Amino acid sequence: MALKIVVSIFILALPFLTASNSDSADTWRCGIFFAGNPGTSPRAKIFVLPKKFPADCNAPRVDTYNGTCYEVMRKGLKEWNFENPSRIRKQSGHTIGDDLCGPIPRDIKAPGLEMGFYFAYCGSDWNDTGLRKPERLCCRQRKHVPC
Ligand SMILES: *[C@@H]1O[C@H](CO)[C@@H](O)[C@H](O)[C@H]1NC(C)=O
Ligand SMILES: *[C@@H]1O[C@H](CO)[C@@H](O)[C@H](O)[C@H]1NC(C)=O
């Protein structure tokens with residue numbers, strides 16, 4: 001599973017669709033969301049990896065989907081830094097954090113928004129891997145600021 005795909009997550013980070021399930025029959029998927037409380041549904045979608053992995057829906061291997069999603073995302077996390085240059089507005093001095101804050105109309109103060117990693121399989125809702133990005137996101141006037 002290419003790290004490239006994971007790293008490019010923040011390129012497309014935006015439209016904040018609601019966190020409905022978006023896998024289809026016989027597949028499972030992995031994505032990054034604004035997190036809810038541990039073990040509950042996420043609050044809003046940031047990006048779902050385009051790859052759909054095969055799943056046997058008669059005998060779903062939930063632990064495998066969970067573990068694979070966790071591992072893929074954990075590796076990618078090292079590359080993700082809110083201070084890195086925007087992938088959307090390259091020449092502008094914007095950062096990835098700015099890309100994430102851009103669509104959020106209200107200021108986000110400390111403790112900030114938490115980002116988490118979720119998987120869905122065989123038409124299920126999104127399930128929590130338990131993995132969170134350690135740094136939280138704070139925004140002022142649609143720009144990223146330290147929390
Ligand atoms: C996945 O999420 C759904 C909806 O929140 C929940 O009903 C289901 O029990 C979860 N599955 C697992 C394996 O946690
Ligand atoms: C995924 O695995 C983690 C760590 O093993 C566990 O805490 C979590 O409950 C699992 N999630 C689901 C939906 O099974």
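We're numbering straight along the sequence, starting at 1. In this text, all values refer to a predicted model and were calculated from it rather than measured experimentally. Each ligand, and each atom within it, is numbered from 1 in the order the structure gives.
Contact check on Asp98 versus Lys143 returns a salt bridge, with a Lys/Arg side-chain nitrogen under 4.0 Å from an Asp/Glu carboxylate oxygen.
At a threshold of 4.5 Å between side-chain heavy atoms, the hydrophobic network of Ile, Leu, Val, Met, Phe, Trp and Tyr places Phe34 and Phe82 in one connected group. Linking Ile, Leu, Val, Met, Phe, Trp and Tyr whenever their side-chain heavy atoms come within less than 4.5 Å leaves Val145 and Leu113 in two separate clusters.
In the vicinity of Phe119, heavy-atom distances shorter than 4.0 Å reach the ligand 2 atoms 13 (C).
Between the side chain of Arg43 and the main chain of Phe33, no donor-acceptor pair closer than 3.5 Å is present. A donor-acceptor distance shorter than 3.5 angstrom exists from the side chain of Thr129 to the backbone of Phe117, with no hydrogens or angles considered. Checking side-chain atoms of Asp107 against main-chain N and O of Gln141 turns up a donor-acceptor pair under 3.5 Å.
Shortest contact from atom 5 (O) of ligand 2 to any protein heavy atom: Asn66 ND2, 4.8 Å. If you check which protein heavy atom lies closest to atom 4 (C) of ligand 2, you get Thr129 O, 4.3 Å. Ranking protein heavy atoms by distance to atom 9 (O) of ligand 2, first place goes to Asp128 O, 4.6 Å.
Taking the six-membered ring where the residue is Trp, Tyr65 and Tyr121 present tilted rings, their angle falling between 30° and 60°.
At least one heavy atom of Ser41 lies less than 4.0 angstrom from ligand 1.
The option from Asn127, Asp125, Val62, Thr40 that lies nearest to atom 6 (C) of ligand 1, judged by heavy atoms, is Asn127.
In Asp63, neither the side chain nor the backbone holds a heavy atom less than 4.0 Å from any atom of ligand 2. Contact annotation for Tyr70 and ligand 2: no heavy atom of the residue comes within less than 4.0 Å of the ligand.
Remark: atom 11 (N) of ligand 2 lies closer than 4.0 Å to at least one protein heavy atom.
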